[in-house]
**Student:** 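Pasting a structure here, questions to come.
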Amino acid sequence: MHHPLLASSTESSLPIWLVSEATWPQLATDLPAAAQNFAKAQGFEAKAGSHCLLPDADGGLLGAVFGLDGEGAKHPNPFLVGKLPALLPDGVYRFETATPDPALAALAWLLGSYSFNRYRKRPAKSARLVVPSGVDADEVSRIADAVAMGRDLVNTPTSDLGPDGIEAAARKLADKHGAAFSSIVGDDLLKQNFPMIHAVGRASATPPRLIDFTWGREDAPRITLVGKGVAFDTGGLDIKPSSSMLLMRKDMGGAAATLALAAMIMGSDLPVRLRVLIPAVENSISSNAFRPGDILQSRKGITVEIGNTDAEGRLILADALALADEESPELVVDFATLTGAARVALGPELPPFFTDDDALAAEIAECGMAVNDPVWRLPLWAPYQSQLDSKFADMNNTGGPLAGSITAALFLRRFVSAAKAYVHFDIFAWNSSAKPARPEGGEVQAARLIYALLKQRYGS
């Protein structure tokens, strides 16, 4: 399943010399005089991220030189080569010099080649890379394709990807891998005891639903993924200002990350019993919208007073997490674009995660750094639980203006008690500006690291 932007043969490929300010002077002396002089005339200095296309004696392309972080750099970027596909002419290239991590370099090449062209056609570029020695091309391709699928879902506006569109994408993926698929839609949510999913989504013209599919041997370790699938969030009756709605197509970024991770797991035939749960809704406004002050029943039996209808994601996740918990799985992981507070605390590129399991937290942090999918642990600080107190119900869905990401995580934890381990990721799912291997627009965060963790635990 080699990616079309990967090549297996070096025949007719052009070299890319990866250099630093320290290694460039020596390498330059080995190049033909015309290439040396051209690079000098262009002012190439081998700074990280800089590049120069080098001509051959006949006026063609000899290859390219690209600057990497120097040895001993405090924060080297293993995805830096992800800039190259946008910089190079069409053709086949090979890394002529060694990369610090060949697999991450190949992945960065593929992720940096991504573009979303559904609504605006652009000239197709085809800078292909010869698979570096020792790299599993199928594995890199599988991960890149899964991330691209997730990015496509986040980038697609709600006019073409409502709750029903999320279901269609999930069904397509499940069918591809032979997973057992079901969906509970509309008033059937009430009949099957998912009252909070129904309440959040009932005001939309497209009915709310709970998407559910399972894959793998029944006797394998049970891994359950839950993804927030809010196709669009107006804020409900606590309506958002228009500026805050502009990116609300990405409020299903948790569902996209979940599906991307599921694609990696099923595509690699990982020996686990996978279950995917996606509550898919549109938080809209109509005469039957749920209201501030309403008290909702939940699947788990906990009553929830609505302090703000714009804190809807945790409500739909709570019902799905309660269902996940009923099987006492080995691990429950949820992905959700849940709070602005997470972005205030850590910014858009470093999602916080929450778990009570210290050993799991250490694994997550280690895997995140190893695969360049970084996250940062925040505490499930028990004293803040009182911020969710309600005078009329078991709890409120909001915890006040401070520590919002923590109180949201504490809210969700109330709905998971039987699972052996649980982790919650509060992701942003968007690149506000382009960076190497991370184009502007929808992004899949934390999925690659959980895939790496599961491979580490259950892979052969």
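None of these values were measured; they are calculated from a predicted model. Positions are given from 1, in the same order as the sequence printed here. Values below: every heavy atom of this structure, side chains too, minus hydrogens, waters and symmetry copies.
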**Student:** Would a 4.5 Å heavy-atom cut-off, applied to side chains only, mark L388 and Q385 as touching?
**Tutor:**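 In contact.
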**Student:** F95 and W17: aromatic ring centres closer than 6.0 Å?
**Tutor:**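 No - the distance between ring centres of F95 and W17 does not fall below the 6.0 Å cut-off.
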**Student:** Does some side-chain heavy atom of R151 sit less than 4.5 Å from a side-chain heavy atom of Y114?
**Tutor:**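 Yes - at least one pair of side-chain heavy atoms lies under 4.5 Å apart.
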**Student:** What I want to find out is whether K435 reaches E349 closely enough, with some N-O distance under 4.0 Å, to be called a salt bridge.
**Tutor:** yes
**Student:** Starting at OG1 of T29, measure out to CG of L27 and round the result to the nearest 0.5 Å.
**Tutor:**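 Between T29 OG1 and L27 CG, I get 7.5 Å after rounding to 0.5 Å.
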**Student:** Decide salt bridge (charged side-chain N to carboxylate O under 4.0 Å, His left out) for R94 and E11; before the verdict, give the C-alpha distance in whole Å, the side-chain angles of both, and the deciding distance to 0.1 Å.
**Tutor:** CA-CA 10 Å; R94 68 183 185 275; E11 187 177 350; over 6 Å; no
**Student:** Considering only heavy atoms from C-beta outward, does the side chain of D319 approach that of L210 to under 4.5 Å?
**Tutor:**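 Counting from C-beta outward, D319 and L210 never come under 4.5 Å.
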**Student:** Counting C-beta onward and ignoring hydrogens, is there a side-chain heavy-atom pair between P352 and V375 closer than 4.5 Å?
**Tutor:**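 Contact flag for P352/V375 side chains = no.
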**Student:** Compare all side-chain heavy atoms of I211 with those of V276 and state whether any distance is below 4.5 angstrom.
**Tutor:**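 Sidechains of V276 and I211: no contact.
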**Student:** Please round to the nearest 0.5 Å and tell me the distance separating atom CG of L14 and atom CG of L62.
**Tutor:** 8.0 Å
**Student:** side-chain contact (heavy atoms from CB on, under 4.5 Å), that's the test. Do H424 and V333 meet it? Break it down for me.
**Tutor:** CA-CA 6 Å; H424 158 61; V333 183; over 6 Å; no
**Student:** Under 3.5 Å, is there a donor on one side chain and an acceptor on the other for N155 and Y119?
**Tutor:**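 Distance-only check fails for N155 and Y119.
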**Student:** Is there side-chain contact between L5 and S126, with heavy atoms separated by less than 4.5 Å?
**Tutor:** yes
**Student:** Between S244 and K240, is there a donor-acceptor pair closer than 3.5 Å when you use the side chain of the first and the backbone of the second?
**Tutor:** no
**Student:** Would you indicate whether the side-chain heavy atoms of F213 and H177 approach each other to under 4.5 Å?
**Tutor:** no
**Student:** Return yes if some donor-acceptor pair links the side-chain N/O of Q445 with the main-chain N/O of P348 below 3.5 Å, else return no.
**Tutor:** yes
**Student:** Roughly how far apart are N372 CG and C367 SG, rounded to 0.5 Å?
**Tutor:**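 Spacing of CG (N372) from SG (C367) equals 13.0 Å.
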**Student:** Under the criterion side-chain hydrogen bond (donor to acceptor under 3.5 Å, both in side chains), which of T309, D310, D233 is the partner of N283?
**Tutor:** D233
**Student:** Please find the pair of heavy atoms, one from A127 and one from D90, that lie closest to each other, and give the distance.
**Tutor:**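 Heavy atoms of A127 and D90 come nearest at N-OD1, 4.2 Å.
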**Student:** Assess, by modelled atom type and distance only, whether the side chains of D251 and T337 contain a donor and an acceptor separated by less than 3.5 Å.
**Tutor:** yes
**Student:** Of all the heavy-atom pairs spanning D325 and F415, show the shortest one and how long it is.
**Tutor:** CB-O, 4.0 Å
**Student:** side-chain hydrogen bond (donor to acceptor under 3.5 Å, both in side chains) with R275: which of D212, T224, T214?
**Tutor:** D212
**Student:** Before you tell me yes or no, could you show the steps for D426 and T339 under side chain to side chain donor-acceptor pair (under 3.5 Å), namely the whole-Å CA-CA distance, both residues' side-chain angles and the distance that decides it to 0.1 Å?
**Tutor:** CA-CA 7 Å; D426 192 339; T339 69; 2.6 Å; yes
**Student:** Can you list the steps and then say if T206 with E282 is a side chain to side chain donor-acceptor pair (under 3.5 Å)?
**Tutor:** CA-CA 7 Å; T206 305; E282 181 180 2; 5.0 Å; no
**Student:** For I143, is there any backbone N or O sitting under 3.5 Å from a side-chain donor or acceptor partner on R448?
**Tutor:**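 No, the answer is negative, given that no donor and acceptor are paired below the 3.5 Å cut-off.
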**Student:** Can you tell me how far CD1 of I16 sits from CG of L18, rounded to the nearest 0.5 angstrom?
**Tutor:** 7.0 Å
**Student:** Evaluate salt bridge (charged side-chain N to carboxylate O under 4.0 Å, His left out) for D356 paired with R413, printing each intermediate quantity in order.
**Tutor:** CA-CA 9 Å; D356 285 318; R413 189 181 62 169; 3.0 Å; yes
**Student:** Are side-chain N/O atoms of D357 and T355 paired as donor and acceptor at under 3.5 Å?
**Tutor:** no
**Student:** How far apart are the C-alpha atoms of F66 and H51, what are their side-chain angles, what is the distance that settles it, and do they pass the ring pair (Phe, Tyr, Trp, His ring centres under 6.0 Å) test?
**Tutor:** CA-CA 4 Å; F66 183 78; H51 83 292; 7.3 Å; no
**Student:** Show the nearest heavy-atom pair for residues W215 and D269, with the distance to one decimal.
**Tutor:**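 Residues W215 and D269, closest heavy atoms: CZ2-OD1, 3.5 Å.
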**Student:** Determine whether a donor-acceptor pair (N or O, by modelled atom type, separation under 3.5 Å) exists between the side chain of R142 and the backbone of G267.
**Tutor:**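 Pair found, side chain donor or acceptor close to backbone of G267.
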**Student:** Heavy atoms only: give me the nearest I197-P208 pair and the separation to one decimal.
**Tutor:** O-CB, 3.8 Å
**Student:** Applying side-chain contact (heavy atoms from CB on, under 4.5 Å), run through T97 and V19 and close with a yes or a no.
**Tutor:** CA-CA 8 Å; T97 47; V19 298; 5.6 Å; no
**Student:** Just by modelled atom types, is the A28 backbone N or O under 3.5 Å from a matching donor or acceptor in the Q36 side chain?
**Tutor:** yes
**Student:** What pair of heavy atoms forms the shortest contact from A108 to V81, and how long is it?
**Tutor:** CB-CG2, 4.0 Å
**Student:** Is a donor from one side chain sitting under 3.5 angstrom from an acceptor on the other, for D373 and Y451?
**Tutor:**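 No, no side-chain donor-acceptor pair sits under 3.5 Å.
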**Student:** Going by salt bridge (Lys or Arg N to Asp or Glu O under 4.0 Å), name the pairs with one or both residues in residues 101-122, residues two or more places apart or in two chains.
**Tutor:** R118-D160
**Student:** Measure the acute angle between the ring planes of Y93 and W109, then classify it against the limits of 30° and 60° as parallel, tilted or perpendicular.
**Tutor:** tilted
**Student:** Would you say that more than 12 heavy atoms from the other residues, nucleotides or ligands in this model lie under 6.0 Å from the NZ of K172, or not?
**Tutor:**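 Check fails, neighbour count at 12 or below.
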**Student:** Hey, could you give me the CG/CG distance between D152 and L259, rounded to the nearest 0.5 Å?
**Tutor:** 12.5 Å
**Student:** Please evaluate residues V226 and F335 with respect to the criterion side-chain contact (heavy atoms from CB on, under 4.5 Å), reporting the C-alpha separation (whole Å), side-chain torsions for both, the decisive distance (0.1 Å), and the verdict.
**Tutor:** CA-CA 6 Å; V226 181; F335 302 90; over 6 Å; no
**Student:** Any idea how F425 and F353 line up, ring-wise: parallel (<30°), tilted (30 to 60°), or perpendicular (>60°)?
**Tutor:** tilted
**Student:** Please examine the side chains of W430 and R343, heavy atoms only from C-beta on, and report whether any two atoms are closer than 4.5 Å.
**Tutor:**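 No, every pair of side-chain atoms sits at 4.5 Å or beyond.
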**Student:** Could you tell me whether the side chain of T158 and the main chain of L161 form a donor-acceptor pair under 3.5 Å?
**Tutor:** no
**Student:** Do E440 and S433 get their side chains close enough for a donor-acceptor pair, meaning under 3.5 Å?
**Tutor:** no
**Student:** For G253 and V154, which heavy atoms make the closest approach, and how far apart are they?
**Tutor:** CA-CG2, 4.0 Å
**Student:** Looking at SG of C52 and CZ of F38, how far apart are the two atoms once the value is rounded to the nearest 0.5 Å?
**Tutor:** 5.5 Å
**Student:** Are F232 and K250 close enough, and set up right, to give a side-chain contact (heavy atoms from CB on, under 4.5 Å), and what steps lead you there?
**Tutor:** CA-CA 8 Å; F232 193 85; K250 77 171 187 65; over 6 Å; no
**Student:** Look only at the side chain of R209 and the backbone of A280, and say whether a donor-acceptor pair between them is shorter than 3.5 Å.
**Tutor:**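 It does not hold such a pair.
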**Student:** Give a yes or no answer on whether the side chain of T258 reaches the backbone of G254 with a donor-acceptor pair at less than 3.5 Å.
**Tutor:** yes
**Student:** For the side chain of N431 and the backbone of P439, is there at least one donor-acceptor N/O pair under 3.5 Å apart?
**Tutor:**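 It does hold such a pair.
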**Student:** Among R457, R377, K455, find the one that has a salt bridge (Lys or Arg N to Asp or Glu O under 4.0 Å) with E363.
**Tutor:**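 One option only clears the test, and that one is R457.
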**Student:** T407 side chain to G404 main-chain N or O, any donor-acceptor pair under 3.5 Å?
**Tutor:** yes
